[in-house]
Amino acid sequence: MAGADSPQRRKRISDEPGFLLHRVAWRETSLVLDVFTRHHGRIALIAKGARRPRSELRPVLLAFQPLRLAWIGKGELQTLTGAEWVGGIEAPQAQALMCAFYLNELLMRLLPRDDAHPQLYDAYLQALIELTELEAIEHEECLRRFEWTLLRESGYAPDVQIDCDGAQLEAHAQYRWIPDEGFRREHSAREDDHGELIDGHTLHALGQGVLEHGIQRQQAKRLMRRILSHRLEGRALHTRKMLFELQAMTRSSTPHQAIGSAADE
């Protein structure tokens with residue numbers, strides 16, 4: 001009888017679409033990779049020898065670039081056996097790069113391992129394309145779409161069709177988000193609301209992924225900030241610290257306005 005560690009019981013995966021989210025040095029010449037794949041979700045892989053100067057993996061393992069991956073193993077940490085750069089996406093720069101790092105951190109913090117989400121993978125790919133092709137002013141809407149898709153796919157998104165009482169959300173009504181319950185209709189705003197209310201029309205637009213007006217983008221940003229903070233149990237995102245450091249060097253507030261949920265107070 002084959003033992004528990006028999007190679008026959010290892011799974012072999014090849015030609016799998018994926019993106020590198022993060023990597024850390026392992027031993028003298030290798031890397032441990034956090035990758036997001038279309039059919040297997042987030043997984044951890046050992047890239048043996050990838051830090052060697054002549055390694056074929058070294059120039060291929062690029063962040064924000066489509067890859068084709070192959071690996072073997074079982075359990076939480078498996079072994080990368082091949083990686084191919086697919087290309088087709090321009091490398092993000094400046095504000096787009098900061099936004100792309102933000103997407104990666106959201107995935108690593110909110111998406112459990114070994115949980116496949118093909119639609120979320122497609123949304124991530126589309127977001128990277130949009131970040132490099134759209135004007136900086138349009139990045140904010142791109143991020144809101146991805147945040148909402150991530151929340152929906154991971155089961156954290158509140159219902160934007162029905163309120164806490166089971167009534168249909170009305171476009172011209174105002175609502176307050178209640179953690180783990182949903183949206184409660186508010187018939188009169190209080191002085192201490194401080195922008196916590198959101199229009200039903202904005203909620204419908206958020207669900208459809210199209211935020212056409214400035215007020216919708218502002219309300220969606222504040223809502224995403226509150227929901228993500230709740231899901232992260234108040235823990236700060238590292239991207240936020242990176243953003244503040246970048247601002248200190250460049251004295252520019254442009255990325256602050258785009259990332260929104262990661263940077264706003």
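Bear in mind that the values here come from a model prediction, so they are computed numbers and not experimental data. Side chains are part of it too, since the values below use all heavy atoms of this structure and drop only hydrogens, waters and symmetry mates.
Taking both residues in full, the closest heavy atoms of Ala91 and Thr132 are given as C-CG2, 4.2 Å, listed atom of the first, atom of the second, then distance. The nearest pair of heavy atoms linking Lys74 to Gln78 is N-CG, 3.7 Å. Closest of all the heavy-atom pairs between Leu131 and Ala100 is CD1-N, 3.9 Å. For the pair Leu45 and Leu80, the tightest heavy-atom approach, listed with the atom from each and the gap, is CD1-CD1, 3.8 Å. In terms of heavy-atom proximity, Arg217 sits nearest to Glu212 at NH1-O, 3.3 Å.
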Determine whether Arg109 and Leu237 satisfy the following criterion, side-chain contact (heavy atoms from CB on, under 4.5 Å), listing intermediate values before the conclusion.
CA-CA 9 Å; Arg109 298 286 290 274; Leu237 292 163; 3.9 Å; yes
Please step through side-chain contact (heavy atoms from CB on, under 4.5 Å) for the pair His22 and Val24, ending with a clear verdict.
CA-CA 7 Å; His22 187 62; Val24 295; 3.4 Å; yes
Verdict with reasoning, Glu196 to Tyr175, per side-chain hydrogen bond (donor to acceptor under 3.5 Å, both in side chains)
CA-CA 8 Å; Glu196 289 189 3; Tyr175 296 87; over 6 Å; no
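In this model, a donor atom of one side chain and an acceptor atom of the other lie less than 3.5 Å apart for Glu16 and His39. Between the side chains of Gln126 and Tyr121, no donor N or O sits under 3.5 Å from an acceptor N or O. Residues Gln219 and Thr202 have side chains that bring a donor and an acceptor to within less than 3.5 angstrom of each other.
The salt bridge (Lys or Arg N to Asp or Glu O under 4.0 Å) search around Arg185 returns Glu170, not counting sequence neighbours. The ring pair (Phe, Tyr, Trp, His ring centres under 6.0 Å) check on Phe64 picks up Phe101, with sequence neighbours excluded. Residues passing the salt bridge (Lys or Arg N to Asp or Glu O under 4.0 Å) test with Asp199: none are found, sequence neighbours excluded. Checked against salt bridge (Lys or Arg N to Asp or Glu O under 4.0 Å), Arg38 has the following partners two or more places apart in sequence or in another chain: Asp122. In this structure Asp180 satisfies the salt bridge (Lys or Arg N to Asp or Glu O under 4.0 Å) test together with Arg231, sequence neighbours excluded.
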Name every donor-acceptor pair, under 3.5 Å, that has one atom in a side chain of residues 154-162 and the other anywhere in the protein, sequence neighbours excluded.
| unit_1 | atom_1 | unit_2 | atom_2 | d |
| --- | --- | --- | --- | --- |
| Ser154 | OG | Leu150 | O | 2.6 |
| Ser154 | OG | Leu151 | O | 3.4 |
| Asp159 | OD1 | Gln161 | N | 2.7 |
| Asp159 | OD1 | Ile162 | N | 3.3 |

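A salt bridge links Glu140 with Lys221: the closest approach of a Lys/Arg side-chain nitrogen to an acidic carboxylate oxygen falls below 4.0 angstrom. Ion pairing between Arg23 and Asp34 fails under the 4.0 Å rule for side-chain N and carboxylate O.
Of the residues listed (Arg145, Glu141, His139, Glu138), the one engaging Glu130 in a side chain to side chain contact (heavy atoms under 4.5 Å, CB included) is Arg145, and it is the only one.
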